Protein chains: 2
Amino acid sequence: MTLTEEVARKKRISESTIHRLSLYFRALSLLEKEDYETVSSKELAKREKLTPAQVRKDLSFFGSFGTRGLGYPVQELKKRISAILGIDRTWRVALIGIGNIGSALVSYKEFMKQGFNIVKLFDNDQRKIGSNHKGIVVSDINNLAEEIREANIQVVIIAVPATVAQYVVDDIVAAGVKAILNFAPLNLRVPDDVYIRNENMSMELEYLSFAMVNNHTPKKVR
Amino acid sequence: MTLTEEVARKKRISESTIHRLSLYFRALSLLEKEDYETVSSKELAKREKLTPAQVRKDLSFFGSFGTRGLGYPVQELKKRISAILGIDRTWRVALIGIGNIGSALVSYKEFMKQGFNIVKLFDNDQRKIGSNHKGIVVSDINNLAEEIREANIQVVIIAVPATVAQYVVDDIVAAGVKAILNFAPLNLRVPDDVYIRNENMSMELEYLSFAMVNNHTPKKVR
DNA sequence: ATCGTTTTGTGAACCATTTCACATTTCTCA
DNA sequence: TGAGAAATGTGAAATGGTTCACAAAACGAT
Ligand SMILES: NC(=O)c1ccc[n+]([C@@H]2O[C@H](COP(=O)([O-])OP(=O)(O)OC[C@H]3O[C@@H](n4cnc5c(N)ncnc54)[C@H](O)[C@@H]3O)[C@@H](O)[C@H]2O)c1
Ligand SMILES: NC(=O)c1ccc[n+]([C@@H]2O[C@H](COP(=O)([O-])OP(=O)(O)OC[C@H]3O[C@@H](n4cnc5c(N)ncnc54)[C@H](O)[C@@H]3O)[C@@H](O)[C@H]2O)c1
């Protein structure tokens with residue numbers, strides 16, 4: 001068990017903290033490009049609309065990375081956070097459903113930059129199977145289990161219609177995949193040892209709608 | 001001021017509660033299709049991986065919609081929630097940046113179903129301006145302010161490269177738009193009276209990565 | 001070397017959200 | 001009509017997350 005792992009278990013790092021690590025990582029990437037050597041919790045907070053105390057507390061869960069009076073070393077902190085998030089490596093990703101959203105995702109370069117390499121595509125449409133997207137040939141969903149295992153896939157992105165998503169997930173789980181990012185708007189059943197996250201775009205639009213109709217003044221904006 | 005508005009102000013409804021209303025709405029739509037007349041907080045909770053107490057508490061912020069011993073009337077509750085969320089009406093939406101993700105979003109039927117009608121498209125690429133997507137002709141970004149006002153746009157979706165997103169947002173804000181959904185991976189500056197939400201896909205992948213590397217056992221899964 | 005300034009790291013206090021637990025209501029069936 | 005079962009609605013307790021406030025550390029200027 002790594003140190004980070006130990007910490008995460010003991011202190012029960014919250015989902016919000018993890019999400020904010022993503023924000024810090026993004027801000028640090030920019031600061032690095034802008035040739036900053038160090039950055040204070042104040043500046044980091046300002047850039048992501050958070051509070052300095054929040055930044056320091058989040059980081060303190062994982063160690064003590066800063067220098068009092070100076071701030072945090074940009075490059076070093078960025079490396080540390082990427083290690084904590086597990087994006088200091090590459091993950092082998094498969095994408096299932098090469099339709100509207102699937103095709104967009106294949107072309108999304110940010111994923112690759114953060115270590116998520118899409119190396120397999122699957123669909124069940126004969127017109128799509130065999131076609132080439134960004135150098136990857138679309139495989140037949142019927143060969144899912146076999147090809148997932150052969151290609152050593154660790155993460156699967158689901159971009160199929162909601163009506164078939166549960167069947168597809170069942171197959172993915174059976175093939176041994178433990179991490180799933182789901183774009184279909186429904187709650188998928190998976191065993192306890194499989195991590196699944198949902199990307200639900202309607203939710204954010206509905207939040208905007210609620211805010212407008214109710215004149216909502218939330219304590220915090222994400 | 002509506003009743004709902006009053007409630008939202010006084011009790012300071014949390015972001016999590018609002019997000020869960022979206023989940024309830026989704027579950028109720030399905031229950032309606034399955035011809036359920038009523039549903040208990042227990043069943044609703046099970047379908048969205050929440051607790052019955054959570055469901056009841058959330059709903060109780062807005063009124064008392066159920067019948068003891070019976071549960072909640074499916075159709076009625078669905079209507080109530082859509083009124084609370086402000087999706088019992090249509091919103092006029094413009095989409096800016098008709099690239100990979102933009103094109104996918106234009107074709108996404110769920111938005112329309114929930115009252116978000118994409119009625120305007122903008123881009124700055126001459127090859128795209130004038131082209132037709134799902135019956136909508138792409139406008140020149142240079143006419144943004146004028147056309148946004150003319151078309152009475154209330155919500156804007158941003159799908160342009162991160163490098164230009166701030167400029168685009170500034171123009172949108174100047175045109176009087178008060179609600180923005182942003183897909184570019186950066187924190188955009190907007191005045192306090194403008195609602196902005198970010199859709200950040202890397203965040204969820206990074207969460208999965210963190211979970212795998214750290215053997216994370218969160219209290220709650222979204 | 002010392003002083004004033006800056007900024008981290010972190011318990012403790014505070015605040016928000018979730019869960020508990022139960023009185024209350026309604027329904028069903030005898 | 002009454003008894004038992006089901007399930008809501010909601011204060012109160014428990015838990016979890018954020019902010020405060022300050023001691024400690026490091027730096028730069030003199
Ligand atoms: N389009 C969007 O912008 C958008 C946004 C958010 C969420 N989503 C969700 O993403 C999913 C896909 O949406 P879309 O607009 O890309 O739809 P789409 O119809 O364009 O694409 C779906 C793809 O899945 C393939 N497919 C169907 N059944 C399959 C199966 N059993 N195995 C493998 N592949 C199969 C189809 O051949 C098609 O290529 C839907 O669940 C949708 O709700 C879409
Ligand atoms: N592709 C994805 O799956 C994906 C996923 C998540 C987020 N995003 C984000 O969404 C944004 C768009 O990504 P994409 O992959 O669709 O890129 P893209 O390059 O395919 O599309 C961008 C579009 O914006 C247009 N554009 C550029 N400058 C403009 C301007 N000043 N005014 C109006 N239009 C302008 C371009 O002509 C192009 O059509 C990026 O910020 C990206 O990070 C993309």
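Protein chains get the first letters and strands the later ones, always in sequence-line order, with residue 1 at the start of each. If you're wondering where the values come from, they're calculated on a predicted model, not measured in any experiment.
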Using only side-chain N and O atoms of A/Ser41, determine if any of them is under 4.0 Å from OP1 or OP2 of C/dT8.
-> yes
Q: Using a cut-off of strictly less than 4.0 Å, decide whether B/Gln54 has a side-chain nitrogen or oxygen near OP1 or OP2 of C/dT19.
A: yes
>> Between B/Arg20 and C/dT18, is there a contact of a side-chain N or O with OP1 or OP2 at under 4.0 Å?
In response: yes
Problem - Residues B/Lys79 and B/Glu32 bridged, charged N to O under 4.0 Å - result: no
Residues passing the side chain to side chain donor-acceptor pair (under 3.5 Å) test with B/Ser40, sequence neighbours excluded, are none
So salt bridge (Lys or Arg N to Asp or Glu O under 4.0 Å) across residues 174-193 of chain A, not counting sequence neighbours, yields A/Lys178-A/Asp193
Among the nucleotides C/dC20, C/dT18, C/dG9, whichever has the atom closest to the side chain of A/Tyr72 is C/dG9
Which protein N or O atoms sit under 3.5 Å from an N or O of nucleotides 24-26 of chain D?
{"from": "D/dA24", "atom 1": "N3", "to": "A/Arg68", "atom 2": "NH1", "distance (Å)": "2.9"}
{"from": "D/dA26", "atom 1": "O4'", "to": "A/Arg68", "atom 2": "O", "distance (Å)": "3.3"}

Those residues at least two apart in sequence (or on a different chain) that pass side chain to side chain donor-acceptor pair (under 3.5 Å) with B/Tyr72 are none
Those residues at least two apart in sequence (or on a different chain) that pass ring-ring contact (aromatic ring centres under 6.0 Å, His included) with A/Tyr108 are A/Phe111
Of C/dG9, C/dT7, C/dA12, the nucleotide closest to the side chain of A/Ser64 is C/dG9
Quiz item: For B/Ser14 and C/dA16, is the shortest distance between a side-chain N/O and OP1 or OP2 below 4.0 Å?
Solution: no
The salt bridge (charged side-chain N to carboxylate O under 4.0 Å, His left out) partners of B/Arg56 (sequence neighbours excluded) come to none
